[in-house]
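One-based numbering, in listed order, for ligands and for the atoms of each.
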Amino acid sequence: MKFSEFAALCYQLEQTSSRLTKVDLAAEYLKRLNAKEIRHGIAFLAGRPFPVSDSRTLDIGPGAFAHASDTPELENSVSPELTLVDIADSFSAIAEANGKGSRSTKYARLRELVEMTGSQERPILFRLLHNELRIGLHDGLIQEAIARASGADLKTVRRAALFLSDLAEVASIALTQGGAALQGVDIKLFVPLLPMLSELSEDFDDVLAAHGGTTAFEFKYDGARVQIHKDGNQVRIWSRRLTEVTGSLPEIAQIVRSDLIGDSFILDGEVVAVGKDGRPFPFQELMRRFRRIHNIEAAAIDIPLHLHLFDCLLLNGASLIDESYERRWQTLTNITGGKHLAHRQITSDEVLAESFLKDALAAGHEGLMAKSLSSPYMPGNRGKLWFKIKPAETVDCAIIAADRGSGRRRGWLSNYHLAVADGEGGFAPVGKTFKGLTDKQFTEMTARLQELQIADDGYTVSVKPEVVVEVAYNEIQHSPQYSSKFALRFARIKRIRDDKNVDQITTLTELQNLYDRQFVSKSKRTEL
Ligand code: AMP
């Protein structure tokens, strides 16, 4: 397929607000892709230069765009025959240029590519390079289009998407082997799947009631989620966002090889950085370990990691995700021989639960998780089967804009506009804060937000909502000032959540629940 046809589709999609029309148009486009084009075709449609499971990045700074957008349209170099595969090949060449002189190679490739596009296609190419197509086609609609184009039912497409974590893979199977082939897609070793998530609760009453009177409480460790896949001697580890982190965590891979029993399995757990006194290190230290690619051994001594496992999704080729939590835990106990397990207590007694929470907090952990004993493992699901209970009142917000600082904060973007998810793919502002960051973090955040800039009125810089921050607050107030109708009083940034995507932030509905709960004094636990 020609890139000009893709660009024309983008303009059509942009112009219609009808969901149905969007799905129709996208499905027609998918049907026309040949086998070699499907993966790129889906990535591009989702506004990405590469498919989700392809970890390559273009790695070109804003300078490159300025450079490339100067390119005059030279009639003789514009290629009306430019195809999707040509674009994908150029992206590969840009991504793969590294080492000495790579910057100029990247610029040269980018320039060649830009020169080949005509005036219709060029804006679409630029939006792709920026990872943002703005055609209103989120993953849900792409899933519908895959279903429509392949004749699979939507439920099957969704299930396959959870297991493969990449719509490019889903579409490849559906469109080359037929929609029915998706039914055979299952959890598979070395293909990470989205982790199961929890809903926030503050009240043991609610949690116990939702779980039928008895629940499994586990320590909620203040670390980072890991999904561990092992087959024989091969061990690979992924983060919550499905980035591979095996190289940064050699001692965890070693624990898996030497301490755990079983030929092949997939486990879910949390790693925590610990100090010499055995108490957890701050979260930022742990993130440093995750990003580390050099001097891993020195880091492993400086910041040792503990592993706390809490789930088992696959054992020796058999999927366990439809089994109950209790059965999965039993399997996990067999694999671990009781070592490296999350601390847990099954109870129906609120007083015991309170004291278990105190133990968790006293040991420096974040709170508790409560898991329904009969629950299956639902990848990517956030619901009442798992609750998290933490005493500090925090929400996760996206930064959607920032004001220029004055006085001591001059030169920085320092007053951050915070937003929760409005539940419809947009963002609802809930307040502003300049509290919580160190000077160094302000400097780094300023640079980061400048890269994400989408508008600037001289005082406030609007940014693409990508940075997620955990925000502590004292009270949620009703506020006519914000479209969300809520404002966080005394908001301060507790930490920068680089481990979270914007689609994982607090929703307006959750905020409403937290607001409502403020008035139920019986269940309000302020200090423990
Ligand atoms: P949050 O990050 O605030 O949404 O809380 C859920 C996170 O808690 C999970 O994604 C895990 O990274 C972490 N966590 C810590 N301990 C546990 C546990 N025992 N079970 C499940 N998740 C846990």
Side-chain angles (χ1 to χ4, degrees), residues 192-202 207 211 215-228 237-243 245 249 252 267-274 280-281 283-284 286-287 289-290 305-313 325 328-329 332-333 336 340-346 353 356-357 359-361 363-373 375 377-398 420-421 468-472 494-507 510-511 513-514:
L193 65 160
L194 290 170
M196 181 158 169
L197 303 171
S198 60
E199 194 170 285
L200 183 62
S201 178
E202 270 201 295
V207 167
H211 291 178
T215 193
F217 288 105
E218 297 172 6
F219 275 15
K220 183 180 192 305
Y221 297 97
D222 195 3
R225 190 82 173 254
V226 284
Q227 192 177 106
I228 301 171
I237 307 171
W238 281 270
S239 72
R240 174 188 176 122
R241 290 172 72 163
L242 309 186
T243 310
V245 290
L249 307 174
I252 300 297
L267 306 180
D268 191 2
E270 185 93 349
V271 293
V272 184
V274 278
F281 260 133
F283 183 77
Q284 302 300 1
L286 178 63
M287 283 294 111
R289 266 302 308 267
F290 263 63
L305 300 182
H306 280 190
L307 173 63
H308 302 282
L309 295 166
F310 49 74
D311 224 310
C312 175
L313 318 187
Y325 164 86
R328 300 198 309 277
W329 185 276
L332 185 63
T333 312
T336 57
H340 308 291
L341 277 182
H343 208 49
R344 78 164 191 165
Q345 168 131 40
I346 296 179
F356 196 52
L357 175 59
D359 293 347
L361 298 175
H365 306 301
E366 216 184 340
L368 296 180
M369 299 293 293
K371 301 183 180 176
S372 152
L373 297 175
S375 58
Y377 190 94
M378 299 180 75
N381 181 71
R382 185 188 292 288
K384 296 183 188 307
L385 297 176
W386 286 15
F387 284 105
K388 59 185 168 197
I389 301 153
K390 32 183 192 177
E393 316 246 38
T394 64
V395 284
D396 292 321
C397 295
V420 296
V468 178
V469 284
E470 189 175 340
V471 179
K494 216 178 138 201
R495 55 196 180 185
I496 302 160
R497 295 295 305 251
D498 285 332
D499 61 324
K500 284 202 175 180
N501 273 327
V502 280
D503 55 16
Q504 293 172 328
I505 61 174
T506 303
T507 63
E510 287 173 329
L511 197 70
N513 289 340
L514 289 167

- Query: If you round to the nearest 0.5 Å, how far is CG of Asn513 from CD of Glu199?
  - Reply: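 One finds 7.0 Å between CD of Glu199 and CG of Asn513.
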- Message: Rounded at 0.5 Å granularity, tell me how far NZ in Lys388 sits from OG in Ser201.
- Response: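 It comes to 11.0 Å.
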- Sort out for me which residue in Asp499, Asp268, Asp311 forms a salt bridge (charged side-chain N to carboxylate O under 4.0 Å, His left out) with Arg225.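 Filter result, single survivor: Asp268.
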- Could you tell me whether a side-chain N or O of Glu470 sits under 3.5 Å from a main-chain N or O of Thr394, the two making a donor and an acceptor?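 Absent.
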- Message: Are there over 12 heavy-atom neighbours, none belonging to Lys500, within less than 6.0 Å of that residue's NZ?
- Response: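 Check passes, neighbour count above 12.
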- Item | Residues in the immediate environment of ligand 1 (any heavy atom closer than 4.0 angstrom) |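 Contacting ligand 1 under 4.0 Å are Ser198, Glu218, Phe219, Lys220, Tyr221, Arg225, Arg240, Glu270, Phe310, Met369, Lys371, Trp386, Lys388, Lys390, Arg497, Lys500.
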- Message: Please verify the inter-ring angle class for His343 with Phe219; under 30° counts as parallel, over 60° as perpendicular, anything in between as tilted.
- Response: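 His343 vs Phe219 ring planes: perpendicular.
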